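In this text, all values refer to a predicted model and were calculated from it rather than measured experimentally.
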Amino acid sequence: MSEFEVVSYTVEPVEGDDQIAITIHASDGNKWEYGVPFSRSTGRYTFEELDVLEVDFGEEFAEELSDKLDAVMAEVMKDA
């Protein structure tokens with residue numbers, strides 16, 4: 001069972017940088033912010049904290065966030 005619930009979150013590219021910004025607002029009032037670096041040449045990224053977020057917010061949210069991150073990456077790579 002997750003410790004917190006997600007109130008809202010955003011996943012968006014960082015303008016002028018090869019990075020995706022993730023911001024999560026939780027039900028306990030805390031805010032998590034992550035920068036996920038990626039390679040424009042390969043489209044690959046590493047986001048090791050996803051496992052921690054699964055523990056904190058649950059498997060369903062972690063999968064949703066991963067899907068959203070993949071979708072944002074696809075958009076970024078389309079414009080590359």
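In terms of heavy-atom proximity, Val11 sits nearest to Val72 at O-CG2, 3.5 Å.
Partners of Tyr45 according to the ring-ring contact (aromatic ring centres under 6.0 Å, His included) rule, which considers only residues two or more places apart in sequence or in another chain, do not exist here. Residues passing the side chain to side chain contact (heavy atoms under 4.5 Å, CB included) test with Glu48, sequence neighbours excluded: Thr46. Lys68 pairs by the salt bridge (charged side-chain N to carboxylate O under 4.0 Å, His left out) definition with nothing, not counting sequence neighbours. With sequence neighbours excluded, no residue satisfies side-chain hydrogen bond (donor to acceptor under 3.5 Å, both in side chains) with Ser8. By the side chain to side chain contact (heavy atoms under 4.5 Å, CB included) test, Val52 is found to be paired with Asp56, residues two or more places apart in sequence or in another chain being considered. The side-chain hydrogen bond (donor to acceptor under 3.5 Å, both in side chains) search around Glu59 returns none, not counting sequence neighbours. Among residues two or more places apart in sequence or in another chain, the side chain to side chain contact (heavy atoms under 4.5 Å, CB included) test is passed with Thr10 by Glu12, Thr23.
In this structure, the separation between CH2 on Trp32 and CD1 on Ile24 is 7.5 Å, given to the nearest 0.5 Å.
Met73 and Val14 are assigned to two separate hydrophobic clusters, defined by single-linkage of ILVMFWY side chains at heavy-atom distances under 4.5 Å. Taken together through direct or relayed side-chain contacts under 4.5 Å among Ile, Leu, Val, Met, Phe, Trp and Tyr, Val7 and Leu53 form parts of separate hydrophobic clusters.
Ile20 has its side chain out of reach of Phe47: every pair of non-hydrogen atoms, C-beta onward, lies at least 4.5 Å apart.
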Quick one: side chains of residues 60-67, donor-acceptor pairs under 3.5 Å with protein atoms, not counting sequence neighbours, listed by atom name and distance.
{"from": "Glu64", "atom 1": "OE2", "to": "Tyr9", "atom 2": "OH", "distance (Å)": "2.7"}

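Legend: salt bridge (Lys or Arg N to Asp or Glu O under 4.0 Å) pairs involving residues 18-28, not counting sequence neighbours, sorted by first then second residue: Asp18-Arg40.
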